[in-house]
Structures are given as structure tokens and as C-alpha cells.
Asks: 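Mind having a look at this structure? Questions to follow.
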Amino acid sequence: MEWFMSMDVLVVLLAVGSIVIGAVTSLVIPILLIWLIVRYMRNGQVVKK
């Protein structure tokens, strides 16, 4: 029984970890893209001035 319990805990931890990693990446990647676009636009405006 203890072995089954440890396996269940490992599976749950893996599932939760993968979900958390997926959520973090799906949140961070668009934020990074927006930040890069904003930064590029600001640099372009500065160069035009």
C-alpha cells in the first residue's frame, strides 16, 4: 500500500507540475512578446525623434 501511495503522490505531483509549467509558459511568453514589441516601438520612436 505504501508503494501505491507514493506512486499516486508522484503522479499527482507530476500532473500539477506540468500544469503549472504550462500555465507559467503560456503567461510568460505573450508578456515577453508584448514587452519586446513595446520596447521596439519605443526605440523606433526615439530614433525618429
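Worth knowing before you read on, the calculation uses all heavy atoms, side chains too, and leaves out hydrogens, waters and symmetry mates.
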Asks: Should side-chain heavy atoms under 4.5 Å link Ile, Leu, Val, Met, Phe, Trp and Tyr, which residues sit in the same cluster as V20?
Replies: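 Once heavy-atom contacts under 4.5 Å are chained together, V20 belongs with V12, V16, V24, V28, L32.
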
Asks: Can you give each donor-acceptor pair under 3.5 Å made by side-chain atoms of residues 33-40, sequence neighbours left out, with the distance rounded to 0.1 Å?
Replies:
none

Asks: Restricting to side chain to side chain contact (heavy atoms under 4.5 Å, CB included), what partner residues turn up for S26, sequence neighbours left out?
Replies: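 Residues passing side chain to side chain contact (heavy atoms under 4.5 Å, CB included) with S26: none at all.
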
Asks: Other members of the hydrophobic cluster containing L27, with the 4.5 Å side-chain heavy-atom rule, please.
Replies: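 Same cluster as L27: nobody, lone residue.
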
